[in-house]
Number of protein chains: 2
Amino acid sequence: MAASDARTPRERYRAQVREEVRKHAWEQIATAGASALSLNAIAKQMGLSGPALYRYFASRDELITELVTDAYRSLADTFRARAAAGTDLAGLVDTLRRWALDDPQRYFLVYGTPVPGYHAPQETTRISGEIMAVILDACAAEEPADESPGAPPSPLDAHLAEHRAWAGQHPAPPSALRLALAFWTRLHGVLSLELAGHFTGMGLDPAELYAAEARSLTGR
Amino acid sequence: MAASDARTPRERYRAQVREEVRKHAWEQIATAGASALSLNAIAKQMGLSGPALYRYFASRDELITELVTDAYRSLADTFRARAAAGTDLAGLVDTLRRWALDDPQRYFLVYGTPVPGYHAPQETTRISGEIMAVILDACAAEEPADESPGAPPSPLDAHLAEHRAWAGQHPAPPSALRLALAFWTRLHGVLSLELAGHFTGMGLDPAELYAAEARSLTGR
DNA sequence: CCCTGACGGTTATAACTTCTAACTGAAGCG
DNA sequence: CGCTTCAGTTAGAAGTTATAACCGTCAGGG
């Protein structure tokens, strides 16, 4: 669907090959992780010989960077599609877990261990903002059931009232900002440990843990 | 301190070299991540030539495995040392963050992106149990301030009452088990995102977020 | 219609990596 | 004192990323 609207045939072919390279790269990553991604192996799978891929990607890093932004875009699109069907927070909770379990290595490409030297491209921070905007929409729509109306603002609320640049122009009260951050950090906490296999052998169901954190967010 | 109590001089020398290899490996990991760890580079730094290190480590994987269990042991020791000075949960909260910030790549070696094929050795699950035992001690000592006494057990409590094998023989009520799991998943959620740099550029203080989650655990 | 230049793909090669094999020399131990 | 074990060496195989040089083909302008 994408990469087919190009003027010249050459550009069209080029986009098509790049697409196929990405496809094989995702297959490799899904089975062996991003660190095991091999340009040579991809070239062989495509019937090409080694250096041919360098016509399409300047380096292995550039390919991985492309995959990272692909992953970001995938999450943002999935979130937006779910939000279009109703802006309830619980829907996003389920959507996030399904997206993560659908391809764990894709999740790790976004939220996993970073390489110390690596700097993410500007694109990812932009998409990250889009993702956060969807979460904020759902959090703002949620009634603040997790505190009494007259309660004093927590220290975090005070801090968030000061530093809310990350929320962009979103008109959300501090309680919604706090809920959005809790959504992000708590679900990531359970999800990343589950995907990394830290619950296997403990004999408990990660879905149960995830559901419990979901209840802590949506006011049980 | 360690690796010096060996009978024969050969064993002593061997343990000493292995120790030095680990030292250089940790330096490399701290600056470039575990994926960039190079046996050749370590050998050169030690004035040795490539294959010499294979007398001490059967493979690169074995060295990394050693480092992973080192990291687990480091966290368990740090936790136990803190617990010996008072079994309050807040102390463990601070200890965890300091340990993580002290060497982020060491944290990722334990809780970061796993390699799909890799299977952690039995040792790590044992140490993981020790770590959880320290957390459980602190959680059991904490009064359950996060719920009213007569409240019905949550779905998670019911699940934990059934599947509490991971807690070993620890005599902790389901509420303590729940608190321990929340300690683990919530603090890891904030911490891993902070270490991965997902908060940089957002203009908010990760310590503030971490403190907020800490308050949610210790009953503010 | 033809010609030229851009571009995809090739092989060769450099500089890495992990890891094995074979050899050497020295240290430990009976 | 001698034997044996073991540390360390070089050589080399099989990978990897990446560059350089070359070749053929396709696309588009004159």
Side-chain angles (χ1 to χ4, degrees), chain A residues 3-29 31-68 109 115-119, chain B residues 3-29 31-68 115-118:
Chain A
S4 60
D5 48 346
R7 285 158 302 285
T8 79
R10 277 216 160 127
E11 282 179 16
R12 201 158 44 193
Y13 179 75
R14 188 177 175 77
Q16 187 176 329
V17 173
R18 279 178 67 101
E19 183 81 15
E20 193 179 345
V21 171
R22 281 211 298 268
K23 194 192 70 184
H24 285 106
W26 276 117
E27 290 172 4
Q28 275 198 16
I29 284 183
T31 62
S35 64
L37 188 141
S38 161
L39 287 189
N40 256 337
I42 293 176
K44 277 187 182 174
Q45 283 181 3
M46 292 178 63
L48 295 180
S49 224
L53 294 194
Y54 286 83
R55 296 281 171 191
Y56 302 93
F57 295 92
S59 68
R60 183 174 177 274
D61 261 22
E62 189 187 290
L63 173 57
I64 291 184
T65 297
E66 197 105 345
L67 299 175
V68 168
L109 225 49
V115 176
Y118 182 75
H119 272 290
Chain B
S4 61
D5 49 347
R7 286 160 303 284
T8 78
R10 276 215 163 130
E11 282 180 15
R12 199 156 48 192
Y13 179 76
R14 189 177 175 77
Q16 187 177 330
V17 172
R18 279 178 68 102
E19 183 80 16
E20 193 179 345
V21 171
R22 281 210 298 266
K23 194 191 70 184
H24 284 107
W26 276 117
E27 291 172 3
Q28 276 198 15
I29 284 183
T31 62
S35 63
L37 187 141
S38 161
L39 287 189
N40 256 337
I42 293 176
K44 276 186 183 173
Q45 282 179 4
M46 292 177 63
L48 295 180
S49 222
L53 293 194
Y54 286 83
R55 296 279 170 193
Y56 302 94
F57 295 92
S59 68
R60 182 175 177 273
D61 261 22
E62 189 187 290
L63 172 57
I64 291 184
T65 297
E66 197 105 343
L67 298 175
V68 168
V115 175
Y118 182 76

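Quick note on labels: first sequence line is chain A, next is B, and so on, each numbered from 1.
Across all strands shown, B:L53 has no heavy atoms under 4.0 Å from either base or sugar-phosphate atoms.
Mapping A:P51 and A:K44 onto DNA chain D by nearest heavy atom places A:K44 at the nucleotide closer to the 5' end.
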Show me the protein contacts with nucleotides 3-9 of chain C, counting only N or O atoms at under 3.5 Å.
| unit_1 | atom_1 | unit_2 | atom_2 | d |
| --- | --- | --- | --- | --- |
| C:dG8 | OP1 | A:R14 | NH1 | 3.2 |
| C:dG8 | O3' | A:Y56 | OH | 3.4 |
| C:dG9 | OP1 | A:Y13 | OH | 3.0 |
| C:dG9 | OP2 | A:Y56 | OH | 2.6 |
| C:dG9 | N7 | A:R55 | NE | 3.1 |
| C:dG9 | O6 | A:R55 | NH2 | 2.2 |

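As a whole-Å value, the separation of B:L37 CG from C:dT18 P is 8 Å. Atom pair B:R12:CZ and C:dC29:P shows a separation of 10 Å (rounding to whole Å applied). The separation between B:E11 atom CD and C:dA27 atom C1' is 15 Å, rounded to whole Å.
From A:I42, atom CD1 reaches atom CH2 of A:W26 across 11.5 Å, with rounding to the nearest 0.5 Å. Put simply, CD on B:E20 and CD on B:Q45 are 9.5 Å apart, with the number rounded to the nearest 0.5 Å. Atom-to-atom distance recorded for A:Y118:OH and A:T65:OG1 is 3.0 Å, nearest 0.5 angstrom. Separating the OH atom in B:Y56 from the CG atom in B:L48 is a distance of 7.0 Å, to the nearest 0.5 Å.
With respect to the salt-bridge test (charged N to carboxylate O, under 4.0 angstrom), the residues B:R14 and B:E11 do not qualify.
For B:S59, no side-chain nitrogen or oxygen approaches OP1 or OP2 of C:dT18 to under 4.0 Å.
In 5' to 3' order, the nucleotides of DNA chain D bounding all contacts with chain B (an atom under 4.0 Å from a heavy atom) are D:dT5 to D:dA11.
B:Q28 approaches B:A41 most closely through the heavy-atom pair NE2-CB, 3.2 Å. The two residues A:A25 and A:L67 come nearest to each other via the heavy atoms CB-CD1, 3.8 Å. Closest of all the heavy-atom pairs between B:E62 and B:F57 is OE2-CA, 3.8 Å.
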